[in-house]
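Data block below; observations after.
Atoms within each ligand, like the ligands themselves, are counted from 1 in listed order. Numbering of residues begins at 1 and proceeds along the displayed sequence.
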Amino acid sequence: MGKFQVIDHPLIQHKLTMIRDKNCGTKVFREVVNEIAMLMAYEVSRDMPLEEVEIDTPIVKSTQKTLSGKKVAIVPILRAGLGMVDGMLELIPAAKVGHIGLYRDHDSLEPVEYFVKLPADIDERQLFVVDPMLATGGSAIMAIDALKRRGGTNIKFVCLVAAPEGVKALQEAHPDIDIFCAGLDDHLNEAGYIVPGLGDAGDRLFGTK
Ligand code: URA
């Protein structure tokens with residue numbers, strides 16, 4: 001089973017409380033989502049492989065560590081996942097960015113991929129799938145299905161707020177992936193919102209209703 005981790009760093013918890021507040025406006029919401037994503041990037045990249053290189057310091061020749069060229073892609077689930085991309089790129093600037101857009105057909109209730117654009121070599125990349133809210137887990141499961149169908153193997157899911165129902169569903173569907181969140185909330189309400197949550201992350205990021 002992949003790991004499930006709540007990243008409970010004080011800076012992240014403070015910023016998460018800011019964006020949960022319904023009086024937090026679009027500008028601050030967007031900025032703080034990116035700040036949290038940047039702080040989370042530090043933790044979710046903790047097991048990136050290192051290799052040794054020989055360098056010249058101003059004093060001596062020395063063997064030191066450097067990232068071993070492991071390639072990364074950040075894959076936001078449209079639309080709310082876009083809000084986390086710039087923050088993650090702050091810390092992993094060479095990452096490629098793929099996009100996955102999904103909707104559920106109203107009649108068949110079957111998931112439909114309406115947009116998938118990924119780096120060609122996703123089988124060689126560490127993939128960070130990002131979406132602020134892990135609610136039922138439906139879109140996360142579909143997005144990871146879509147990546148695996150195209151050869152993705154090394155996948156981590158990164159969200160801000162998770163519902164226990166979503167974590168369970170995602171772990172059951174994809175037991176091999178690691179799941180990271182900033183907050184694990186109480187439950188989903190009958191409308192599918194996370195409680196206490198922060199409302200509709202996409203609407204709050206983009207100022208829509
Ligand atoms: N998606 C959101 O944006 N918010 C929720 O609470 C649940 C799903």
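- Residue, atom and distance of the protein heavy atom nearest to atom 3 (O) of ligand 1 are Ala201 N, 2.8 Å.
- Between Ala80 and ligand 1 there is no heavy-atom distance shorter than 4.0 Å.
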Legend entry - side-chain contact (heavy atoms from CB on, under 4.5 Å) evaluation trace for Ile77 with Phe157: CA-CA 11 Å; Ile77 302 178; Phe157 181 80; 4.2 Å; yes
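- At under 3.5 Å, a nitrogen or oxygen of Ile194, whether backbone or side chain, sits near a nitrogen or oxygen of ligand 1.
- At the shortest separation from atom 7 (C) of ligand 1 among protein heavy atoms lies Gly192 O, 3.4 Å.
- Test Ile122, Thr153, Ile144, Asn154 against Leu127 for side-chain contact (heavy atoms from CB on, under 4.5 Å) and you get one pass: Ile122.
- The number of heavy atoms from other shown groups lying within 6.0 Å of OH (Tyr42) does not exceed 12.
- At least one N or O atom of Gly199 sits closer than 3.5 Å to an N or O atom of ligand 1.
- By the 6.0 Å contact criterion, NZ on Lys96 is open, its count of non-hydrogen atoms from other residues, nucleotides or ligands being 12 or less.
- Note that NZ of Lys168 and CD1 of Ile179 are 12.5 Å apart. Values are rounded to the nearest 0.5 Å.
- Against a heavy-atom cut-off of under 4.0 Å, Met133 is close to the following atoms of ligand 1: 1 (N), 2 (C), 3 (O), 4 (N), 5 (C), 6 (O).
- Looking at Asp121 and Arg125, a side-chain N of the basic residue comes within less than 4.0 Å of a carboxylate O on the acidic one, giving a salt bridge.
- For ligand 1, the polar-atom distance check against Gly202 finds no nitrogen or oxygen pair separated by under 3.5 Å.
- In this structure, atom 8 (C) of ligand 1 lies nearest to the protein heavy atom Ala135 CB, 3.7 Å.
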